[in-house]
Amino acid sequence: MNTIDIYTDGACKGNPGPGGWGVLLKSGGTEKELFGGEANTTNNRMEMMAVIQALEALKRPCKVNLYLDSKYVLQGITEWIHGWKARGWRTASKEPVKNVELWQRLDAIVSTGGHEIDWRWVKGHAGDPGNERADALANKGVQSIA
């Protein structure tokens, strides 16, 4: 199984507003950059899209070190999702889960992709080179729809 380091980030100009997502994939000496944007979205949705696009870009099962600065995505996929699924995609307060279609898409990739994912939170805008590149790509994604 190949090991890959993935850095993801989302950006939004206004919340909601135009948004973008960025991904840096690094394996061995190879790097690949991905980015995209949406005209009317939220920061949380773009953070999720970055992770989804990163994992969907993998062609075969990998050992993944996934670096993200979104506690919303990290806690959602590693903690909260189990309760949401048990409650029929409802929160503890019985409200519908926000961004449910993206959570279901991410859950499907994580549970069926065959990847071994090590979720690693990094502080955003704190000088981590991979996170800074993902942030720049997310901003490029915002610009791509302007």
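Only a predicted model underlies this, so the values are computations on that prediction, with no experimental measurement involved.
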Taking every non-hydrogen atom, the tightest pair across Val51 and Leu68 | CG2-CD1, 4.3 Å
Euclidean distance, Leu24 CG relative to Phe35 CZ, rounded to 0.5 Å | 13.5 Å
Taking every heavy atom of Gly22 against every heavy atom of Ala50, the minimum-distance pair comes out as O-CB, 3.7 Å
Side chain of Asp9, backbone of Ala138: donor and acceptor closer than 3.5 Å?
-> no
Who pairs with Arg45 by side chain to side chain contact (heavy atoms under 4.5 Å, CB included), at least two apart in sequence or on another chain?
-> Thr41, Thr42, Asn99, Glu101, Leu102
Do Glu47 and Asp69 have side chains that get closer than 4.5 Å, going by heavy atoms?
-> yes
Closest heavy-atom pair, Ala54 versus Ile6, reported as atoms and distance to 0.1 Å, is CB-CG2, 3.6 Å
Taking all atoms of both residues into account, what is the closest heavy-atom pair of Tyr72 and Met48, and its distance?
-> CE2-SD, 3.8 Å
Can you tell if the side chain of Val23 reaches within under 4.5 Å of the side chain of Leu25, non-hydrogen atoms only?
-> yes
Pairing residues for Gln104 by the side chain to side chain contact (heavy atoms under 4.5 Å, CB included) criterion, not counting sequence neighbours | Trp89, Val100
Indicate the atoms forming the closest heavy-atom contact of Glu132 with His125, along with that distance.
-> OE2-CA, 3.4 Å
In Å and rounded to the nearest 0.5 Å, what is the NE2 to CE distance from His115 to Met1?
-> 8.5 Å
Does Ile117 belong to the same Ile/Leu/Val/Met/Phe/Trp/Tyr cluster as Leu34, with side-chain heavy atoms less than 4.5 Å apart forming each link?
-> yes
Are Lys13 and Asn139 close enough, and set up right, to give a side chain to side chain donor-acceptor pair (under 3.5 Å), and what steps lead you there?
-> CA-CA 9 Å; Lys13 307 303 177 198; Asn139 283 299; 2.8 Å; yes
Residues in side chain to side chain contact (heavy atoms under 4.5 Å, CB included) contact with Lys71, at least two apart in sequence or another chain | Gln75, Trp121
Side-chain contact, heavy-atom cut-off 4.5 Å: Trp21 with Gln53?
-> yes
Pairs where residues 42-68 contributes a residue and the test ring pair (Phe, Tyr, Trp, His ring centres under 6.0 Å) is met, not counting sequence neighbours | Tyr7-Tyr67
Please collect all side chain to side chain donor-acceptor pair (under 3.5 Å) contacts where either partner lies in residues 25-40, sequence neighbours excluded, each pair once.
-> Glu31-Arg133, Glu33-Arg133
Salt bridge (charged side-chain N to carboxylate O under 4.0 Å, His left out): pairs with one or both residues in residues 56-67, sequence neighbours excluded = Glu56-Arg105
Closest heavy-atom contact between Gly20 and Met46?
-> O-CB, 3.3 Å
Non-hydrogen side-chain atoms of Val110 and Trp119 separated by less than 4.5 Å | yes
State plainly whether one hydrophobic cluster holds both Ile109 and Val97, where clusters connect Ile, Leu, Val, Met, Phe, Trp and Tyr through side-chain heavy atoms under 4.5 angstrom apart.
-> yes
